[in-house]
Amino acid sequence: EHNGLTSINDSIRGEKDINELCNESLDAVVKYTNADVALFYVVNDGYLEYKCGHAIPELASVPEKLVFGETLVGQAAIKKRTDHIKQCTG
């Protein structure tokens, strides 16, 4: 566990542009959680703005912007926590 947290902390250190920061942070979280699919949103002008993802099957289905509370992503943002869905059936 300690190595995973260290990796995440290391991913946000240094001078990086927003895209590099988001990609490196998401990569570290994906490795730490062994996630198959992941999305990374940032708060921008009161909205959640999609920045990057990992292994997204249909990128066109990912909303560019979300309102807080909209979808599972927006609900997680209101709660200020990460949601880790272990199994999803479609």
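Because only heavy atoms are used, hydrogens play no part in the values below, and waters and symmetry mates are left out as well, while side chains stay in.
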Report task. Check ring-ring contact (aromatic ring centres under 6.0 Å, His included) between Phe40 and all other residues, then give those that pass, not counting sequence neighbours. Result -> none
Query raised in the report: Do you know the tightest heavy-atom contact between Arg13 and Asp10?
Result: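 In this case the closest contact between Arg13 and Asp10 is NH1-OD1, 2.6 Å.
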Query - From CA spacing to verdict: side-chain contact (heavy atoms from CB on, under 4.5 Å), Val43, Leu48 - result: CA-CA 5 Å; Val43 176; Leu48 297 168; 3.9 Å; yes
Query - Residues in side chain to side chain contact (heavy atoms under 4.5 Å, CB included) contact with Val62, at least two apart in sequence or another chain - result: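 So Val62 forms a side chain to side chain contact (heavy atoms under 4.5 Å, CB included) with Leu39, Tyr41, Tyr50, Ile56, Leu59.
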Requested in this report: With rounding to the nearest 0.5 Å, note down the distance linking CD in Glu15 to CG in Leu21.
Outcome: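 Glu15 atom CD to Leu21 atom CG measures 12.0 Å (nearest 0.5 Å).
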Report task. Quick one: pull up CD1 in Ile8 and CG in Asn3 and give me the separation to the nearest 0.5 Å. Result -> 11.5 Å
Report task. Quick one: which residue pairs count as a salt bridge (Lys or Arg N to Asp or Glu O under 4.0 Å) with a foot in residues 37-49, not counting sequence neighbours? Result ->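 Passing the test, one end in residues 37-49: Glu49-Lys51.
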Requested in this report: Decide yes or no on side-chain contact (heavy atoms from CB on, under 4.5 Å) for Tyr47 and Leu66, but give the supporting numbers first.
Outcome: CA-CA 6 Å; Tyr47 290 91; Leu66 292 171; over 6 Å; no
Query raised in the report: Between Leu26 and Val42, is there a shared hydrophobic cluster once you connect ILVMFWY residues whose side-chain heavy atoms come closer than 4.5 Å?
Result: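 Yes, Leu26 and Val42 fall within the same hydrophobic cluster.
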**Report entry** hydrophobic_cluster_shared for Val73 and Phe68, side chain cutoff 4.5 Å
**Finding:** yes
Query raised in the report: So which pairs with a foot in residues 20-30 pass side-chain hydrogen bond (donor to acceptor under 3.5 Å, both in side chains), sequence neighbours left out?
Result: Lys16-Glu24
Requested in this report: Can you tell me which residue pairs pass the side-chain hydrogen bond (donor to acceptor under 3.5 Å, both in side chains) test with a partner in residues 53-66, sequence neighbours excluded?
Outcome: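 Checked against side-chain hydrogen bond (donor to acceptor under 3.5 Å, both in side chains) - neighbours excluded - no pair reaches residues 53-66.
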